[in-house]
Number of protein chains: 2
Amino acid sequence: MLQFTKRTEYALIALVHMVDREGEVTSVRELCERYPLPKRLLAEVLKDLSHAGLVVSHRGAQGGYSLAAPAERLTLGAIIGAIEGVPTLTNCDALALSRDGGCEVHPVCPIRSPIERVRENIWRLFEATSLRSLVPDPRAGRTEVIQRLRESLATGAPH
Amino acid sequence: MLQFTKRTEYALIALVHMVDREGEVTSVRELCERYPLPKRLLAEVLKDLSHAGLVVSHRGAQGGYSLAAPAERLTLGAIIGAIEGVPTLTNCDALALSRDGGCEVHPVCPIRSPIERVRENIWRLFEATSLRSLVPDPRAGRTEVIQRLRESLATGAPH
DNA sequence: CAATATAGCACTGAAATGGTGCTATATGGC
DNA sequence: GCCATATAGCACCATTTCAGTGCTATATTG
Ligand code: SF4
Ligand code: SF4
């Protein structure tokens, strides 16, 4: 439905929270005390982020998670990719997988390539959006997203 | 999963096909002879497009559908909106609906506003993408999407 | 009137997603 | 050493969404 999953939203909430406490270690319990989220599910999400290398886990008492890189370097694209996988936007890509998983229309599909262009643009937007730019009231960098996107569009021509 | 539904893809295929035959009337049968799509489902999709005013229906024998406007005026945004509804990207919007449908996190959600900005950008991209620009080999206007988006970004600042 | 084609509406089956159970393992403090 | 805390891993169920179909009515052409 062209919508972020709850898992992705939870990941973003956790990460934005962690930006405010950059350098510190944040546990799932802390997050759940602050936001009314299902603890176990949030834990799964943090695990995924850890697997993707976006956060670093610290096990044991006093443990938790901390950002694996400065908030400027963590992009929305990387976050979405970690939780939902790289957005496909179409179903063509299933072709590369199981044999009969491919789209029947593929050979005569008139929209494959055009849609791919749109997909690239969206993905580019996500990649150009840093985690820090998602933190409310950064005071500076309010227009970072737009600026970066514009640069990105200027260079990478859509095919 | 941040992906178009099959219905939307089918709509795009039908519309792109109709651009090639602008001015003519295209029936669901014709479309199904050309592309291996489930006829009944495609019919439902065309109905939706008709309801949204993107195509004009012609009932009875020799009937079918024709574009309701030049392909330049039909935007990807309008098409998606017609089939899937306006993309919400988050679930906040459910608040406006049933009473207990609202998100629990809403009052303390730190990502609502930032995500909204992202949503605006994506939506803007869709609005800036005309149906004609989705037709393969338009010869001209290959970069129309990028051009329009750039203009759009230059004027409408993201809030 | 018969053939074609859309209009409308509800329904089923499959897949994705939200959310949970349970067990193992690592760390810090007493 | 032992216990409380916290992540790791993995499977599982419940809900929602989505793809696809059934059936009937209505409009148009010849
Ligand atoms: S081939 Fe065409 S119809 Fe099939 S999944 Fe790709 S874009 Fe969609
Ligand atoms: S309030 Fe926050 S968590 Fe809830 S749906 Fe909106 S963005 Fe997502």
Side-chain angles (χ1 to χ4, degrees), chain A residues 1-11 13-14 24-33 36-53 55-66 68 80 83-85 87-88 90-91 94 97-98 100-101 103-105, chain B residues 1-11 13-14 24-33 36-53 55-66 68 80 83-85 87-88 90-91 94 97-98 100-101 103-105:
Chain A
M1 206 219 291
L2 202 52
Q3 186 173 353
F4 288 155
T5 64
K6 282 239 165 72
R7 276 176 158 93
T8 300
E9 285 194 14
Y10 296 166
I13 291 175
E24 299 176 29
V25 172
T26 306
S27 69
V28 173
R29 177 183 48 77
E30 277 179 61
L31 288 168
C32 283
E33 284 168 359
L37 305 176
K39 186 171 180 180
R40 286 296 302 343
L41 183 53
L42 186 56
E44 294 295 324
V45 169
L46 267 299
K47 275 186 236 177
D48 288 343
L49 291 178
S50 175
H51 292 157
V55 299
V56 177
S57 75
H58 305 271
R59 302 181 62 164
Q62 313 298 319
Y65 298 91
S66 55
I80 296 173
I83 306 295
E84 308 188 22
T88 55
T90 61
N91 314 105
L97 308 176
S98 56
D100 78 331
C103 175
E104 297 272 332
V105 192
Chain B
M1 207 219 292
L2 202 52
Q3 186 172 352
F4 288 156
T5 63
K6 282 240 164 71
R7 276 177 156 93
T8 300
E9 285 194 15
Y10 295 165
I13 291 175
E24 300 177 29
V25 172
T26 306
S27 69
V28 173
R29 178 182 48 76
E30 277 179 60
L31 288 168
C32 284
E33 284 168 359
L37 305 176
K39 186 171 181 181
R40 288 289 279 71
L41 183 53
L42 186 56
E44 293 295 323
V45 168
L46 268 298
K47 275 186 235 177
D48 287 343
L49 291 178
S50 175
H51 292 157
V55 299
V56 176
S57 74
H58 306 271
R59 299 180 64 162
Q62 312 299 319
Y65 298 92
S66 55
I80 296 173
I83 306 296
E84 307 189 22
T88 55
T90 61
N91 314 104
L97 308 175
S98 56
D100 80 330
C103 175
E104 296 273 331
V105 192

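Predicted, not measured: the structure shown is a model, and the values here were computed from it. Sequence lines set the chain letters: A, B, ... in the order given, protein chains first and strands last, and positions in each chain run from 1.
Between dT5(D) and Ser27(A), no contact under 4.0 Å exists linking OP1 or OP2 to a side-chain N or O. Neither OP1 nor OP2 of dT5(D) sits under 4.0 Å from any side-chain N or O of Arg29(A). Close to dA8(D), at under 4.0 Å from its OP1 or OP2, lies a side-chain N or O of Ser57(A). Checking the phosphate oxygens (OP1, OP2) of dA8(D), a side-chain nitrogen or oxygen of Tyr65(A) falls inside 4.0 Å. Under 4.0 angstrom from either OP1 or OP2 of dG20(D) there lies at least one side-chain N or O belonging to Tyr10(B). The shortest distance between the side-chain N/O atoms of His58(B) and the OP1/OP2 oxygens of dT29(D) is not below 4.0 Å.
With sequence neighbours left out, the side-chain hydrogen bond (donor to acceptor under 3.5 Å, both in side chains) criterion links Arg59(A) to no other residue.
No hydrogens or angles were tested; on distance alone, a donor-acceptor pair under 3.5 Å links the side chain of Arg59(B) to the base of dT26(D). For dC18(D), the base has no donor-acceptor partner in the side chain of Gln3(B) [N/O atoms by modelled type, under 3.5 angstrom]. With hydrogens and angles ignored, a donor-acceptor pair closer than 3.5 Å exists between the side chain of Lys47(A) and the base of dG9(D). Between the base of dC18(D) and the side chain of Glu84(B) there is no donor-acceptor pair shorter than 3.5 Å.
If you find the closest nucleotide of DNA chain D to Lys39(A) and to His51(A), the one lying nearer the 5' end belongs to Lys39(A).
Between Leu2(B) atom CG and dA16(C) atom C1' the separation is 14 Å, expressed in whole Å. Per the geometry, CG belonging to Leu42(A) stands 12 Å off P belonging to dA8(D), to the nearest Å. Atom CD in Glu104(B) sits about 16 Å away from atom P in dG18(C), given to the nearest Å. Rounding to whole angstrom units, CD1 of residue Ile80(A) and P of dT17(C) are separated by 13 Å. Taking atom CZ of residue Phe4(B) and atom P of nucleotide dA16(C), one finds them 18 Å apart after rounding to whole Å. When the C1' atom of dA10(C) is taken as reference, atom CG of Leu41(B) falls 15 Å away, rounded to whole Å. For the pair Glu44(B) CD and dT6(C) C1', the interatomic distance rounds to 11 Å; values are reported in whole Å. Distance Arg7(B) CZ to dA16(C) P: 16 Å, rounded to the nearest Å.
Each end of the helix from dC1(C)-dG30(D) to dC30(C)-dG1(D) gets its own axis from five base pairs, and the two axes differ in direction by 20°, given to 10 degrees.
Residues Tyr65(B) and Ser50(B) share a closest heavy-atom pair of CE2-CB, 4.1 Å.
Among the nucleotides dT29(D), dG8(C), dA19(D), the one closest to the side chain of Ala61(B) is dT29(D). Side-chain atoms of Gln62(B) lie closest to dT29(D) of the nucleotides dT29(D), dT17(C), dA19(D).
Considering OG1 of Thr8(B) and CD of Gln3(B), their distance stands at 10.5 Å, rounded to 0.5 Å. The OG1 atom of Thr26(A) sits 9.0 Å away from the NE2 atom of His58(A) when rounded to the nearest 0.5 Å.
Without hydrogens or angle criteria, Glu104(A) side chain to Leu37(B) main chain gives no donor-acceptor distance under 3.5 Å. A donor-acceptor pair under 3.5 Å links the side-chain atoms of Glu84(B) to the main chain of Thr5(B), judged by distance alone.
Tyr10(B) places none of its side-chain heavy atoms less than 4.5 Å from the side chain of Glu44(B).
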task: Report the C-alpha separation of Lys6(A) and Glu9(A) in whole Å, then their side-chain angles, then the decisive distance to 0.1 Å, and conclude whether the salt bridge (Lys or Arg N to Asp or Glu O under 4.0 Å) test is met.
output: CA-CA 5 Å; Lys6(A) 282 239 165 72; Glu9(A) 285 194 14; over 6 Å; no
